[in-house]
Amino acid sequence: MKLQERINQISQMIMKKGYKMTAQREATIQVLLENEHNFLSSEEIYVLVKDKYPEIGIATVYRNLELLTDLQIIKKINDGEGVALFDLRGEEEKHMHHHLICEDCKKMEIIKEDWLGDLEERLEREYGFEVSDHRLEFMGVYQNCNKSSLTK
């Protein structure tokens, strides 16, 4: 799907929840889409948005990131050192994808497969609880982590 089509799709999601698609919001979403394979901090997002929309303030970017997180369009994840990083939900994903986070080198990888489908069905069957979303982060160390091998 083309960039503008994805922006329009996200815009529809935002408006369906009762919010307006402002120029600042669109600039933030465009930056997230252009960098959807990267995990960006709010400061990195702000710098990239400011290039496109010079008059935007950092507080506006923060508010937009919080709104997009609340609307489950993006996910805020912790890098293991207290820095919040933002990750865009893929257009084809029913749920937010899962993450592997190396505690040594801070490398993050995405697991796009939904391994929790059976568990969701069981929760609905046994507890009458319908899961609308889930998030899963695996913290650990890669066997071949360069940082780990330097300290041994």
Side-chain angles (χ1 to χ4, degrees), residues 1-117 120 130-151:
M1 189 180 288
K2 294 179 185 174
L3 179 65
Q4 192 55 52
E5 291 173 351
R6 297 270 319 269
I7 290 171
N8 292 342
Q9 181 184 44
I10 292 170
S11 176
Q12 292 299 315
M13 293 167 65
I14 290 170
M15 291 188 294
K16 215 181 263 187
K17 303 257 181 160
Y19 295 92
K20 293 180 181 177
M21 182 55 140
T22 63
Q24 298 95 330
R25 226 166 257 157
E26 185 170 335
T28 303
I29 291 166
Q30 184 176 350
V31 163
L32 290 165
L33 286 167
E34 290 171 348
N35 295 278
E36 71 179 313
H37 299 294
N38 301 318
F39 298 95
L40 300 174
S41 69
S42 52
E43 290 80 16
E44 291 169 322
I45 294 167
Y46 168 69
V47 168
L48 294 170
V49 171
K50 190 149 182 71
D51 285 344
K52 295 177 183 308
Y53 201 90
E55 55 276 2
I56 198 165
I58 195 163
T60 301
V61 172
Y62 286 165
R63 281 192 304 273
N64 283 326
L65 292 172
E66 287 304 316
L67 175 66
L68 294 171
T69 300
D70 290 345
L71 297 178
Q72 298 182 353
I73 294 168
I74 61 174
K75 180 182 178 194
K76 186 189 310 187
I77 57 174
N78 188 313
D79 74 345
E81 291 186 352
V83 175
L85 302 175
F86 294 88
D87 188 20
L88 184 67
R89 178 191 302 265
E91 62 183 303
E92 73 289 346
E93 296 175 77
K94 177 182 175 193
H95 296 296
M96 185 58 89
H97 48 254
H98 310 306
H99 299 96
L100 302 176
I101 305 170
C102 182
E103 294 171 320
D104 278 352
C105 69
K106 307 304 176 207
K107 177 182 175 184
M108 292 187 186
E109 281 191 73
I110 294 172
I111 300 172
K112 291 215 177 216
E113 292 178 62
D114 186 359
W115 293 340
L116 300 178
E120 287 180 16
E130 185 177 342
V131 176
S132 61
D133 203 357
H134 62 256
R135 293 164 179 80
L136 188 58
E137 295 174 0
F138 295 95
M139 306 294 289
V141 178
Y142 285 101
Q143 219 172 17
N144 59 352
C145 180
N146 291 334
K147 190 170 179 185
S148 291
S149 62
L150 294 175
T151 60

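A quick note: this is a predicted structure, and the numbers were derived from the prediction, not measured. Computed over heavy atoms, backbone and side chain alike; hydrogens, waters and symmetry mates excluded.
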### Query
Atom CD1 of Ile58 and atom CD of Glu43: how far apart are they, to the nearest 0.5 Å?
5.5 Å
Contacts under 3.5 angstrom, residues 14-27 side chains, donor-acceptor by atom type, not counting sequence neighbours:
{"unit_1": "Thr22", "atom_1": "OG1", "unit_2": "Arg25", "atom_2": "N", "d": "3.0"}
{"unit_1": "Arg25", "atom_1": "NE", "unit_2": "Asn64", "atom_2": "OD1", "d": "2.9"}
{"unit_1": "Arg25", "atom_1": "NH1", "unit_2": "Lys20", "atom_2": "O", "d": "2.5"}

### Message
Looking at Leu65, is its backbone amide N or carbonyl O close enough to the side chain of Thr69 to form a donor-acceptor pair, meaning the two atoms are under 3.5 Å apart?
### Response
yes
### Glu5 versus Gln9, side-chain donor and acceptor atoms under 3.5 Å
no
#### Entry: Approximate separation, where rounding is to 0.5 Å, of Glu120 CD and Glu130 CD
9.5 Å
#### Entry: Distance, nearest 0.5 Å, that separates CG of Leu32 from CD1 of Ile45
4.5 Å
### Task
First locate atom CG of Asn35, then atom CG of Leu40, and finally report the distance between them rounded to the nearest 0.5 Å.
5.0 Å
### Message
I need the minimum non-hydrogen distance between Phe86 and Ile74, along with the two atoms involved.
### Response
CD2-CD1, 3.5 Å
### Query
So, Gln12 and Asn8: side-chain donor and acceptor under 3.5 Å apart, yes or no?
no
### Task
In sequence, state the C-alpha distance, the side-chain angles, and the governing distance for Glu34 and Leu3, and then conclude on side-chain contact (heavy atoms from CB on, under 4.5 Å).
CA-CA 8 Å; Glu34 290 171 348; Leu3 179 65; 3.9 Å; yes
#### Entry: Close side-chain approach of Ile10 and Leu33, heavy atoms under 4.5 Å
yes
### Message
Would you compute the distance between atom CG of Asp70 and atom NZ of Lys76 and round it to the nearest 0.5 angstrom?
### Response
8.5 Å
### Minimum side-chain heavy-atom gap Ile7-Gln4 below 4.5 Å
yes
#### Entry: Residues forming a side-chain hydrogen bond (donor to acceptor under 3.5 Å, both in side chains) with Asp51, sequence neighbours excluded
none
### Query
About how many Å separate OG of Ser42 and OH of Tyr62, when rounded to the nearest 0.5 Å?
4.0 Å
